[in-house]
Q: 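The structure that follows is given in the form of structure tokens.
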Amino acid sequence: MFKKFSTEEVSAQNQVKASVQRRIRQSIAEEYPGLEPVLDDILPKKSPLIVAKCQNHLNLVVVNNVPLFFNVRDGPYMPTLRLLHQYPDIMKKLQVDRGAIRFVLAGANIMCPGLTSPGGVLDEEVGAECPVAIMAEGKQHALAIGFTKMSAKDIKAINKGIGIDNLHYLNDGLWKMERFD
């Protein structure tokens, strides 16, 4: 999704009203309860919140010129990898085996066998259509953020096809855009 992302793809950026800002904060707090204690540090109430509208129905939530969250077509807000590396326990995690790492870092979707092989780890509580952090076998930080196409139980049972859509990965366009000017 962010393979060749740059600031040229932003069609409009608007500072949102206080009511919209409250709604965004509330939906992020509901989606990621682990962020509740630090939500005021991440999204300060007094700081202006900017929503940048991009191509492909993509919205970026920007605070102090730093992109923090994104969503697609009014779906759930997902943190950027930089934010996920600062607060690693806010998302559910699935782990891929060593063989899948280079493909994930190239932007490929995560296939079921990469999650069910001996190096992969599945969290049984993850449902379908759910944002997840994708960890790598033997690595400390997440290498991608994805959206599950099927539940963890189905991934284990079917073990074929795409299990997770890869939305944002290390070294893609959004990762390289540290600041939003």
Q: Just checking Arg73: does its CZ atom have more than 12 heavy atoms from other residues, nucleotides or ligands closer to it than 6.0 angstrom?
A: no
Q: Among Leu68, Leu174, Asn71, Ile50, find the one that has a side-chain contact (heavy atoms from CB on, under 4.5 Å) with Leu60.
A: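 Testing each of Leu68, Leu174, Asn71, Ile50 against Leu60, the sole residue satisfying side-chain contact (heavy atoms from CB on, under 4.5 Å) is Leu174.
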Q: Any chain of hydrophobic side-chain contacts (each under 4.5 Å) joining Leu49 to Val38?
A: yes
Q: Please say whether more than 12 non-hydrogen atoms of neighbouring residues, nucleotides or ligands are located less than 6.0 Å from CG in Asp74.
A: no
Q: Step by step, would you call Tyr32 with Tyr87 a ring-ring contact (aromatic ring centres under 6.0 Å, His included)?
A: CA-CA 11 Å; Tyr32 307 106; Tyr87 304 99; over 10 Å; no
Q: What are the two closest heavy atoms between Pro44 and Val63, and how far apart are they?
A: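 In terms of heavy atoms, the two residues are closest at CD-CG1, 4.0 Å.
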Q: Say whether Ile164 and Tyr169 are linked into one hydrophobic cluster, either directly or through other cluster members, by side-chain heavy-atom distances under 4.5 angstrom.
A: no
Q: Under a 4.5 Å cut-off applied to non-hydrogen side-chain atoms, are Arg25 and Asp40 in contact?
A: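 In contact.
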Q: Are Met177 and Phe69 connected in the hydrophobic side-chain network, where two residues link if heavy atoms are under 4.5 Å apart?
A: yes
Q: With the side chain counted from C-beta on, respond yes when His168 and Trp175 share a heavy-atom pair under 4.5 Å apart, and no when they do not.
A: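 Of all side-chain heavy-atom pairs linking Trp175 with His168, at least one is under 4.5 Å.
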Q: Please check if the number of heavy atoms outside Gln140 that lie under 6.0 Å from its CD is greater than 12.
A: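 Counting neighbours around CD of Gln140, 12 or fewer heavy atoms of other residues, nucleotides or ligands fall under 6.0 Å, so no.
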Q: Measure across Leu39 and Ala29 and return the closest heavy-atom pair with its distance rounded to 0.1 Å.
A: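 That would be CD2-CB, 3.9 Å.
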Q: Tell me whether Asn56 at atom CG has more than 12 heavy atoms from other residues, nucleotides or ligands lying less than 6.0 Å away.
A: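 At most 12 heavy atoms, drawn from other residues, nucleotides or ligands, come within 6.0 Å of this atom.
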Q: Report whether Val121 and Met91 are members of the same hydrophobic cluster (ILVMFWY, side-chain heavy atoms less than 4.5 Å apart, transitive linking).
A: no
Q: Could you pull out the closest heavy-atom pair between His85 and His141, with the gap in Å?
A: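 Taking every non-hydrogen atom into account, NE2-CB, 3.6 Å.
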